[in-house]
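Heads up, the thing below is written out as structure tokens.
Chain naming here is simple, since letters A, B, ... match the order of the sequence lines and numbering starts at 1 in each.
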2 protein chains.
Amino acid sequence: MSVTIYEIAERAGVSSSTVARILRGDVKESYRRSAETAERIRHIAKEMGYRPNLRARAFSRGRTHGIGLLYTDDAWIFEGMNTEVVSSLVRALQKSKYHLVFAPIDASGAWEEIVLGGQIDGGVVFQSLPAEVLSAMQKHELPLVLLGDNSDPTISQVVVDDTAGAYAATKHLLGLGHKRILFFVHQTVKPHCSIAERLAGYRAAIDATGAERYECVRMSEEDVIDILVRGRERPTGIVCYSNLEATLIVHAMWQYGVSIPADLSVIGFNDLFATRYMTPPLTTVGFDAAKIGEYGARLVLKDIGTPIDARQAIEMAVKPKLIVRGSTGPAPVRARMATG
Amino acid sequence: MSVTIYEIAERAGVSSSTVARILRGDVKESYRRSAETAERIRHIAKEMGYRPNLRARAFSRGRTHGIGLLYTDDAWIFEGMNTEVVSSLVRALQKSKYHLVFAPIDASGAWEEIVLGGQIDGGVVFQSLPAEVLSAMQKHELPLVLLGDNSDPTISQVVVDDTAGAYAATKHLLGLGHKRILFFVHQTVKPHCSIAERLAGYRAAIDATGAERYECVRMSEEDVIDILVRGRERPTGIVCYSNLEATLIVHAMWQYGVSIPADLSVIGFNDLFATRYMTPPLTTVGFDAAKIGEYGARLVLKDIGTPIDARQAIEMAVKPKLIVRGSTGPAPVRARMATG
DNA sequence: TTGAAAGCGCTAACAG
DNA sequence: CTGTTAGCGCTTTCAA
């Protein structure tokens with residue numbers, strides 16, 4: 001059907017291995033004669049429209065050049081910044097002639113086909129994986145990289161310095177004169193290392209000034225809203241775990257007639273398109289998602305072909321930065337009037 | 001390294017083909033004796049931890065069981081409802097032991113490796129593809145399916161009945177007493193068949209009542225905002241091409257002090273999480289994204305292995321439905337006062 | 001640098 | 001139903 005190295009070999013009057021080697025660039029071409037035949041072979045190949053059969057190559061080499069995007073939760077890989085991470089990852093892999101394969105992990109066990117059947121040479125993950133998947137990967141010596149998660153120090157990972165991000169966010173509010181700053185993680189947020197890290201960043205900034213902490217971790221929006229609109233000593237600033245909380249809060253404050261940023265300053269996490277068009281535009285902590293993809297690709301590819309005991313888990317970090325927009329401003333001079 | 005059918009064959013005292021056939025379920029097992037050996041072989045296979053080598057199978061069969069997710073624009077596959085389409089597609093393919101592969105199409109020409117190298121058995125697309133990619137797919141007899149696009153009638157496709165959706169949206173506003181209803185497509189919207197279809201639905205509804213059309217196709221938000229806040233005969237309702245327009249408009253109206261829905265009713269397109277938390281929650285046209293993935297999978301898989309001239313382009317349609325939330329209400333009794 | 005030859009693990013056509 | 005026998009197209013020793 002399609003052209004093979006044998007047909008080219010015949011046409012060129014050389015052996016198939018020579019063709020394969022030359023087309024693969026596996027030959028130094030130091031002698032003049034060999035350089036000439038090499039040129040001739042490349043010419044014939046092009047003329048005949050030769051394409052290496054990747055299935056044959058995968059079989060022969062024992063490598064598919066596929067990297068699995070392993071995930072247990074659909075939403076996660078499409079959530080927030082992760083789409084950008086994925087798309088940069090795809091591009092980075094592509095440069096090394098690798099492709100990314102969707103590998104959903106669920107009860108059906110279909111993942112075994114992909115992982116154990118040798119459909120991929122390595123994998124990347126956003127969340128930590130079920131133990132059985134992890135051990136299957138290990139048993140097959142498939143390298144794995146964690147993206148934006150540090151739950152397993154024995155695995156290479158690229159992380160965002162969330163502590164620094166939350167620290168900067170909180171510091172920003174403190175710099176604007178805010179004394180009572182709340183930190184909010186919604187109750188529906190999935191477990192993730194960033195929760196603890198952002199909280200740590202918040203604490204570090206708060207504690208440095210001797211201000212009081214208002215930690216609302218894993219709470220409902222109603223409870224937090226209550227804190228924000230009732231009582232005498234209400235927070236005047238809020239650092240949200242993500243844009244979900246920020247969206248909920250902004251929405252609620254609008255309903256309660258609390259003005260942002262005049263009465264309350266709000267900071268979100270992650271620089272998404274939508275937050276630029278919120279009312280008002282959201283001050284948030286962003287990071288360069290493309291870097292994560294690049295680093296991730298580098299880390300998986302590095303370990304492919306490396307004997308498993310010669311590998312070492314490496315961590316690469318990406319620094320976030322604060323993006324100041326309209327949702328933060330100077331602390332109100334005095335406490336607002338109670339509305340309820 | 002890993003177990004092969006030969007080792008099993010030897011252990012079981014049968015030929016390798018017998019093992020392969022039985023493990024593959026290619027044998028009826030009608031005789032008692034054959035049923036027994038079949039059982040024995042399966043037992044041995046399990047005991048030895050046998051896994052068919054998918055690379056070998058792909059090579060031998062000339063099929064990788066991979067479907068390419070072809071895209072020229074990163075943003076598109078992660079945009080709006082498409083993430084849900086993709087994730088349902090992955091799941092649907094998985095049921096048939098197929099996997100989805102990211103296949104970005106760009107100037108680097110890396111897509112040729114994937115398409116021409118035989119890394120995939122078929123493809124799906126959101127946008128219509130560059131001609132060269134299309135013809136490459138055709139030449140290699142790889143089936144292709146368009147998702148939510150009908151730009152090429154010779155290709156199988158699953159589409160959303162956008163005309164019906166826009167019709168329902170407009171009808172909803174008319175039913176609320178609105179007489180002046182604007183249709184807005186932002187200038188940055190990428191060319192897509194849905195633009196014309198949604199416009200057609202809008203027109204059909206408007207024309208049926210003899211009302212006047214206010215078509216703002218490919219305009220900037222400033223111009224549309226101008227129309228909405230100035231002049232005597234201002235529209236009281238607006239049907240947006242997507243959530244982008246809806247977001248921009250809601251944001252702008254808030255700045256101008258125009259109340260939604262009291263002064264202006266707004267309808268968006270696509271039922272995204274974020275729109276449920278807008279202020280007010282957005283009335284929008286939604287559809288079942290999972291259906292698109294399912295249908296899409298069915299359509300590509302159907303044509304794999306089918307001789308190219310026995311194939312026929314099939315179109316499957318998904319019906320949208322109007323989701324009424326807070327951004328639409330009865331038409332204001334009289335025209336608002338001019339603000340500028 | 002080149003050629004010959006032996007796989008890689010599975011499928012499939014053909015006899016039996 | 002089962003076994004035999006060729007492949008599938010490329011890679012990779014091993015000699016030359």
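Here dC8(C) presents its C1' atom at 15 Å from CG of Leu54(B), a figure rounded to the nearest Å. In this entry the distance linking CZ of Arg21(B) with P of dT5(D) reads 14 Å, nearest Å. Between the CE atom of Met48(B) and the P atom of dG9(C) there is a distance of 13 Å, rounded to whole Å. Between Tyr50(A) atom OH and dG9(D) atom P there is a gap of 10 Å when expressed in whole angstrom units. Atom CZ in Arg63(A) sits about 18 Å away from atom P in dC10(D), given to the nearest Å. dC8(C) atom P lies 19 Å from atom CG of Asn53(A), rounded to whole Å. Taking atom CG of Leu23(A) as the reference point, atom P of dT2(C) lies 13 Å away to the nearest angstrom. Rounded to a whole Å, the CD atom of Glu113(B) is 13 Å from the P atom of dC10(D).
Closest to the side chain of Thr37(A), from the set dC10(D), dG3(D), dT2(C), is dT2(C). When the nucleotides dT11(C), dT11(D), dG3(C) are ranked by their closest atom to the side chain of Val14(A), dG3(C) comes out on top. Across dT11(C), dG9(C), dA4(C), the shortest atom-to-atom separation from the side chain of Ser15(A) is found for dA4(C).
Between the side chain of Ser17(B) and the base of dT4(D) there is at least one donor-acceptor pair of N/O atoms closer than 3.5 Å. A donor-acceptor contact under 3.5 Å is not formed by the side chain of Arg61(A) with the base of dG9(D). No donor-acceptor contact under 3.5 Å links the side chain of Tyr6(B) to the base of dC8(C).
Between Arg55(B) and dG9(C) there is no side-chain N or O to OP1 or OP2 distance below 4.0 Å. In this model, the phosphate group of dT11(C) is approached by a side-chain N or O of Arg24(B) to a distance below 4.0 Å at OP1 or OP2. At the phosphate of dT11(D), OP1 or OP2 sits under 4.0 Å from a side-chain N or O atom of Arg57(A).
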Take Ser88(A) and Glu294(A), measure what side chain to side chain donor-acceptor pair (under 3.5 Å) needs, and give me the verdict at the end. CA-CA 7 Å; Ser88(A) 69; Glu294(A) 273 169 44; over 6 Å; no
Could you walk me through whether Tyr50(B) and Leu23(B) pass the side chain to side chain contact (heavy atoms under 4.5 Å, CB included) test, one step at a time? CA-CA 10 Å; Tyr50(B) 172 77; Leu23(B) 260 25; 3.7 Å; yes
Could you give me the CA-CA distance, side-chain angles and deciding distance for Ser128(B) and Asp152(B), then say whether side chain to side chain donor-acceptor pair (under 3.5 Å) is met? CA-CA 7 Å; Ser128(B) 59; Asp152(B) 190 339; over 6 Å; no
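His65(A) places no side-chain N or O within 3.5 Å of a backbone atom of His99(A) that could act as its donor or acceptor partner.
Take the nearest nucleotide of DNA chain D for Ser16(A) and for Gly13(B): the residue whose nucleotide is more 5' is Gly13(B).
Classification of the Phe102(A)-Phe102(B) ring pair by plane angle, with boundaries at 30° and 60°, yields parallel.
dC8(C) has Phe59(A) stacked on its base ring, the centres lying under 5.5 angstrom apart and the planes within 30 degrees of parallel.
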